[in-house]
Amino acid sequence: MLVFPNAKLNLGLYITSQRPDGFRNLESVFVPLPWTDALEVVSAAETTLSLTGIPIPGEPSTNLCLRAYELLKADFTLPPVHLHLHKVVPIGAGLGGGSGDAAFALRALNELFELALPPETLEAYARRLGSDCAFFVRNKPVFAYEKGDVFEDISLNLTDTACKVVYPNMHISTAEAYARVQPRTPRHDLRAALVQPVETWRETISNDFEDALTPYYPVLGEIKQALYAAGAAYASLSGSGSAVYGLFPGQEQPPLMQLPAAYQVWDGRL
């Protein structure tokens, strides 16, 4: 079975309070981004994982795709599988690439072995792998809150919106990003702001990580301003970075931009 785990964008991201369990409460809107990896799952004599594409740090045994298999195997009789992940979505970019891989592994195993697990059950497994993994089970725009793993449906149509995502080939660890941001009350109601035209979002929707990280990584602000100069109606850091995106409503494709050759860029429509 071959699946294509996609990434996500954050439309706004507010760190609202500290939790007793050490995590932070947040508010954000998650939107699927069709920048994809490729994951193949096939029956095999023994369970193995192979990796190609962008190098993934850490031991393969800790890979989230393999952990997804082990999580289901603990509750179901699963035969051995070979997992092959071809990594395309940048790591440490704030795009949820690893989380998408994990959730798509759960979905693929559910289908391949006819487990018939409903979405809410798959989401429960996904939450055990990472805070935003559960989003990729249903893979549609949602308002996310608490740890980013509790969702409310949201009406949001960006199908006529072109998007450019710029990754400056710079990894920002989630731990560092959270260490630099302080919880605060959001200045605007995110759901109310998102029903307004995209052109108004520049004044009403922000990402708390962007404010905290840009002084230490000025390139984030430089990319954002370059996107606005290219005609973006809205531009922002995604997640805890370091990818920055721009939205271009009513355009088939975002405009070409002169960017350093080391940067990775995704162009398309949401």
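Side chain to side chain, Asn6 and Thr36 fail the donor-acceptor criterion of an N or O pair below 3.5 Å. Thr52 and His84 share a donor-acceptor pair across their side chains, judged by distance under 3.5 Å alone. With 3.5 Å as the limit, one finds a donor-acceptor pair spanning the side chains of His82 and Thr48.
Rounded to the nearest 0.5 Å, atoms CG (Leu112) and CE (Met1) are 5.0 Å apart. The structure places CG of Leu194 at 9.0 Å from CG of Asp189, a figure rounded to the nearest 0.5 Å. Distance check: Ser206 OG to Arg187 CZ gives 4.5 Å after rounding to the nearest 0.5 Å. Remark: Arg191 CZ to Ser155 OG distance equals 13.5 Å, nearest 0.5 Å. With rounding to the nearest 0.5 Å, the separation of CG in Asn207 from OG in Ser238 is 7.5 Å.
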Residues Asn10, Lys8; criterion side chain to side chain donor-acceptor pair (under 3.5 Å); working and verdict: CA-CA 7 Å; Asn10 293 80; Lys8 70 166 176 62; 3.1 Å; yes
For Gln264 and Ile54: C-alpha separation, side-chain torsions, deciding distance, then whether side chain to side chain contact (heavy atoms under 4.5 Å, CB included) applies. CA-CA 12 Å; Gln264 289 180 256; Ile54 297 172; 4.0 Å; yes
What verdict does the salt bridge (charged side-chain N to carboxylate O under 4.0 Å, His left out) test give for Arg269 and Asp160, after you've listed the backbone C-alpha separation in whole Å, the side-chain angles of each residue and the deciding distance to 0.1 Å? CA-CA 7 Å; Arg269 302 190 78 179; Asp160 67 341; 5.3 Å; no
Please test Ser236 against Tyr245 for side chain to side chain contact (heavy atoms under 4.5 Å, CB included), starting from the C-alpha separation and ending with a verdict. CA-CA 6 Å; Ser236 175; Tyr245 66 89; 3.8 Å; yes
Worked check of side chain to side chain contact (heavy atoms under 4.5 Å, CB included) between Leu270 and Leu9: CA-CA 10 Å; Leu270 296 177; Leu9 292 179; 4.1 Å; yes
I'd like to know whether Arg67 forms a side chain to side chain contact (heavy atoms under 4.5 Å, CB included) with Glu70, so could you lay out the CA-CA distance, the side-chain angles of the two residues, the decisive distance to 0.1 Å, and finally the verdict. CA-CA 5 Å; Arg67 288 177 57 196; Glu70 297 294 344; 5.6 Å; no
Between Phe143 and Phe30, does a ring pair (Phe, Tyr, Trp, His ring centres under 6.0 Å) hold up when you go through it step by step? CA-CA 7 Å; Phe143 176 77; Phe30 296 164; 9.4 Å; no
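Of the possible polar contacts, none joining the Trp201 side chain to the Ala233 backbone as a donor-acceptor pair under 3.5 Å is found. At distances below 3.5 Å, at least one donor-acceptor pair connects side-chain atoms of Asp37 with backbone N or O atoms of Val89. With hydrogens and angles ignored, the 3.5 Å screen pairs a side-chain donor or acceptor of Thr200 with a backbone N or O of Pro197. Without hydrogens or angle criteria, Tyr228 side chain to Ala235 main chain gives a donor-acceptor distance under 3.5 Å. Looking only at distances, a side-chain donor or acceptor of Arg24 sits under 3.5 Å from a matching main-chain atom of Val181. Counting only distance, with no hydrogens or angles, the side chain of Ser43 and the backbone of Val81 share no donor-acceptor pair below 3.5 Å. Proximity of a side-chain donor or acceptor of Asn157 to a complementary backbone N or O of Thr159 within less than 3.5 Å is detected.
In terms of hydrophobic clustering, with Ile, Leu, Val, Met, Phe, Trp and Tyr side chains grouped at heavy-atom distances under 4.5 Å, Tyr263 and Trp35 are assigned to different clusters. Both Leu237 and Met257 are assigned to one and the same hydrophobic cluster, defined by single-linkage of ILVMFWY side chains at heavy-atom distances under 4.5 Å. Linking Ile, Leu, Val, Met, Phe, Trp and Tyr residues whenever their side-chain heavy atoms come within less than 4.5 Å leaves Leu122 and Val150 in two separate clusters. Residues Tyr217 and Ile91 fall into different hydrophobic clusters, defined by Ile, Leu, Val, Met, Phe, Trp and Tyr side chains chained together at heavy-atom separations under 4.5 Å. Connection of Val198 to Phe248 is not established within any shared hydrophobic cluster, with ILVMFWY side chains joined at heavy-atom distances below 4.5 Å, either directly or through further cluster members.
Side-chain contact between Ser131 and Phe23 is present, with heavy atoms from C-beta onward closer than 4.5 Å. Looking only at side-chain heavy atoms (C-beta outward), Leu39 and Phe4 stay at 4.5 Å or farther from each other. The side-chain heavy atoms of Trp266 and Tyr167, taken from C-beta on, include no pair separated by under 4.5 Å. Looking only at side-chain heavy atoms (C-beta outward), Glu199 and Pro249 come within less than 4.5 Å of each other. Counting heavy atoms from C-beta outward, Phe76 and Leu117 have side chains that approach closer than 4.5 Å. Within the 4.5 Å cutoff, no side-chain heavy atoms of Thr16 are placed close to those of Pro183. The closest side-chain heavy-atom distance from Leu11 to Ser28 is not below 4.5 Å. Side-chain contact between Asn63 and Leu83 is absent, with no heavy atoms from C-beta onward closer than 4.5 Å.
Seen from the ring of Phe209, Arg180 does not count as a face-on cation partner, given the 6.0 Å and 45° thresholds. A cation-pi arrangement is not found for Arg184 relative to Tyr14, the charged atom failing to lie both closer than 6.0 Å to the ring centre and inside a 45° cone about the ring normal. Cation-pi check for Arg107 over Phe104 is met; the charged atom lies under 6.0 angstrom from the ring centroid and within 45 degrees of its normal.
Closest approach of Ile15 and Leu26 over heavy atoms only: CD1-CB, 4.0 Å. When every heavy atom of Ala38 is checked against every heavy atom of Leu2, the shortest pair comes out as CB-CD1, 4.5 Å. Contact between Ala68 and Ala102 at its shortest, heavy atoms only, is CB-O, 3.8 Å. Across every non-hydrogen atom of Asn169 and Ala262, the tightest pair is CB-O, 3.5 Å. Minimum heavy-atom separation, Phe151 to Val142: CD2-CG2, 3.7 Å. Annotation for Gly98 and Leu64: closest pair O-CD1, 3.5 Å, computed over non-hydrogen atoms.
A salt bridge links Lys224 with Glu210: the closest approach of a Lys/Arg side-chain nitrogen to an acidic carboxylate oxygen falls below 4.0 angstrom. A salt bridge does not link Arg128 with Glu123: none of the charged nitrogens is closer than 4.0 Å to a carboxylate oxygen. Under the 4.0 Å criterion applied to side-chain N and carboxylate O atoms, Asp153 and Lys140 are assigned as salt-bridge partners. Ion pairing of Asp132 with Lys147 is absent here, as no side-chain N (NZ or NE/NH1/NH2) approaches a carboxylate O to less than 4.0 Å.
Within 6.0 Å of atom CD in Glu120, more than 12 heavy atoms from other residues, nucleotides or ligands are found, so the atom counts as buried in its surroundings. Within 6.0 Å of CD on Glu152 lie more than 12 heavy atoms contributed by other residues, nucleotides or ligands. Residue-environment remark: CD (Gln18) exceeds the threshold of 12 foreign heavy atoms within 6.0 Å. Within a 6.0 Å radius of CG in Leu256, no more than 12 heavy atoms belonging to other residues, nucleotides or ligands are found.
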